[in-house]
Amino acid sequence: MEAAKRDVHDFWDRASCGEDLFLGGRETAHYDEQARARYALEPYIPEFARFDDSRGQRVLEIGVGLGADHERFARAGAELFGIDLTFRAVAHTAARLRARDLQSSLCEGDAENLPFPDQSFDRVYSWGVIHHSPDTPRAVSEIARVLKPGGIARIMVYHKHSLVGAMLWVRYALLALKPFTSMNAIYARHLESPGTKAYSTSEIRQLFARFSKLEMKIELSHGDLLSEHAGQRHGGIALSLARRVWPRKLVQRYMSRFGLFLCITATR
């Protein structure tokens, strides 16, 4: 398990989530540009995160990345805490907040071992992080532990039955003459960091069974729409051609239930 966690750490320590896509190695003056690009590509984040509702609440973000969402919580007036597996992400977020005279308590650590007392937070937020954890059930258990009774977790994980998953399966299973390769193996080997997982809605219900209320919503990602890079590890002529002919309007109208992003709102 520790070796798997090290592999995940090393992957994201090379570039925080979105760093290559949005910053391209440039300096922190481009954080504003990164935020604009992030919310243009993923416009459903603000509605899901509900940044503006967090004033005066104790909020923990698991996996701060480049800090765009963290900044929004800070601006809204949350009593804010953040944790990330890598120093790189913590440094990015700290620099971002420092340049804007905003405050948060930031630390390195992982979702499986949150360094906070029981019932510490009104809200826990995490966008696309805990599916990278080698022990995602333990991460969910930790989220439940640190939430106050009635507290809310807003968590995005990858959806197993997605267009991104289907495209990866065609490329790495069907065309590789390995049609019996499982979707779990496809996601673990070919989507972002090693061991990445994706979940069905029924699996999420089991994973979050200890919560009193659970809501889920599926969103199409830019990977499903082929409007940007489907993943950090993919390219080639076939993918470039597919982006030119992909019927995005039809996908948005008829295939929204096959999005990659599974957005979970769970009440403790």
Side-chain angles (χ1 to χ4, degrees), residues 5 8-19 21-23 28 30-32 34-35 38-39 42 45-46 48-133 135-136 138-148 151-157 192-193 263-266 268:
K5 193 176 296 183
V8 174
H9 171 278
D10 291 348
F11 180 92
W12 294 111
D13 198 44
R14 288 191 289 272
S16 296
C17 186
E19 186 173 343
L21 181 61
F22 295 126
L23 294 187
T28 59
H30 294 274
Y31 284 138
D32 288 337
Q34 178 262 331
R38 173 178 174 80
Y39 298 127
E42 300 172 353
I45 288 179
F48 174 68
R50 299 190 182 183
F51 301 115
D52 294 338
D53 294 344
S54 62
R55 176 173 296 276
Q57 292 191 332
R58 285 175 62 89
V59 176
L60 169 65
E61 181 177 7
I62 299 173
V64 295
L66 291 177
D69 295 350
H70 213 65
E71 178 183 343
R72 294 284 295 270
F73 281 119
R75 289 188 181 279
E79 183 181 352
L80 190 57
F81 298 76
I83 189 169
D84 200 283
L85 188 62
T86 70
F87 174 77
R88 187 185 193 98
V90 171
H92 268 300
T93 300
R96 184 181 202 127
L97 297 187
R98 187 166 55 247
R100 291 149 173 79
D101 197 27
L102 297 170
Q103 301 296 320
S104 176
S105 297
L106 295 164
C107 66
E108 287 181 76
D110 66 78
E112 298 171 15
N113 301 281
L114 296 175
F116 306 105
D118 296 354
Q119 302 181 13
S120 297
F121 298 102
D122 301 296
R123 185 185 304 190
V124 175
Y125 172 77
S126 184
W127 183 264
V129 175
I130 66 171
H131 49 224
H132 298 302
S133 176
D135 192 347
T136 299
R138 180 177 173 86
V140 174
S141 179
E142 281 289 274
I143 290 168
R145 180 183 66 78
V146 301
L147 271 173
K148 297 176 182 178
I152 296 174
R154 291 190 171 93
I155 311 293
M156 186 276 279
V157 298
E192 297 183 325
S193 60
C263 300
I264 302 156
T265 302
R268 184 71 176 94

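All values below were derived from every heavy atom in this structure, side-chain atoms included, with hydrogens, water molecules and symmetry-related copies excluded.
Using the six-membered ring where Trp is involved, His92 and Tyr31 have ring planes that are perpendicular, over 60° apart on the 30 and 60° scheme.
Taking all atoms of both residues into account, the shortest heavy-atom contact from Ile83 to Asp110 is CD1-N, 3.9 Å. Across all their heavy atoms, Phe51 and Pro46 have their closest contact at CE1-CA, 3.7 Å. Heavy-atom minimum distance, Ala153 versus Ile143: CB-CG2, 3.8 Å. Minimum heavy-atom separation, His70 to Ser104: NE2-OG, 2.7 Å.
Taking 4.5 Å as the limit, some side-chain heavy atom of Glu71 sits within range of a side-chain heavy atom of Leu97. Taking 4.5 Å as the limit, some side-chain heavy atom of Arg58 sits within range of a side-chain heavy atom of Lys148. Side chains of Thr86 and Glu108 form no contact here, defined as non-hydrogen atoms less than 4.5 Å apart. Taking the side chain as every heavy atom from C-beta outward, Ile155 and Val129 never approach each other to under 4.5 Å.
Taken from CG in Leu102 to CG in Leu80, the straight-line distance is 9.5 Å, to the nearest 0.5 Å. Here the CZ atom belonging to Arg138 is positioned 13.5 Å from the CD1 atom belonging to Ile130, to the nearest 0.5 angstrom. If you take CD1 on Ile62 and CG on Asp84, they are separated by 10.5 Å, rounding to the nearest 0.5 Å. Rounding to the nearest 0.5 angstrom, the gap separating the CD atom in Glu61 from the CG atom in Leu106 is 9.5 Å. A distance of 11.5 Å separates OG of Ser54 from CD of Glu79, quoted to the nearest 0.5 Å. Taking CZ of Phe116 as the reference point, atom SG of Cys107 lies at 4.5 Å (rounded to 0.5 Å).
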Test salt bridge (charged side-chain N to carboxylate O under 4.0 Å, His left out) on Arg38 and Asp69; report intermediate values, then the result.
CA-CA 10 Å; Arg38 173 178 174 80; Asp69 295 350; 2.8 Å; yes
Could you go step by step and tell me if Val146 and Gln119 meet the side-chain contact (heavy atoms from CB on, under 4.5 Å) rule?
CA-CA 4 Å; Val146 301; Gln119 302 181 13; over 6 Å; no
Test Gln34 against Arg96 for side-chain contact (heavy atoms from CB on, under 4.5 Å), laying out the working first.
CA-CA 11 Å; Gln34 178 262 331; Arg96 184 181 202 127; 2.7 Å; yes
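His132 and Ser193 are linked by a side-chain donor-acceptor pair at a separation below 3.5 angstrom, with hydrogens and angles left out of the test. Thr136 and His131 share no side-chain donor-acceptor pair at under 3.5 Å. The closest side-chain donor-acceptor pair between Arg98 and Gln103, if any, does not fall under 3.5 angstrom.
Side-chain atoms of Thr93 come within 3.5 Å of backbone atoms of Gly65 as a donor-acceptor pair (strictly under, hydrogens ignored). In this structure a side-chain-to-backbone donor-acceptor pair under 3.5 Å is present from Arg123 to Ala49. Side chain of Gln57 to backbone of Asp122: no donor-acceptor contact under 3.5 angstrom is found. Arg154 places a side-chain N or O within donor-acceptor distance of the main-chain N or O of Phe48, the cut-off being under 3.5 Å. A donor-acceptor contact shorter than 3.5 Å links the side chain of Glu112 to the backbone of Asp135.
Between Asp32 and Arg100 there is a salt bridge, with a side-chain nitrogen of the basic residue lying less than 4.0 Å from a carboxylate oxygen of the acidic one.
Shown are Phe81, Trp127, Phe121, Tyr125; of these, the ring-ring contact (aromatic ring centres under 6.0 Å, His included) with Phe73 is made only by Tyr125.
For Asp118, the CG atom is densely surrounded, since the number of other residues' heavy atoms within 6.0 Å is greater than 12.
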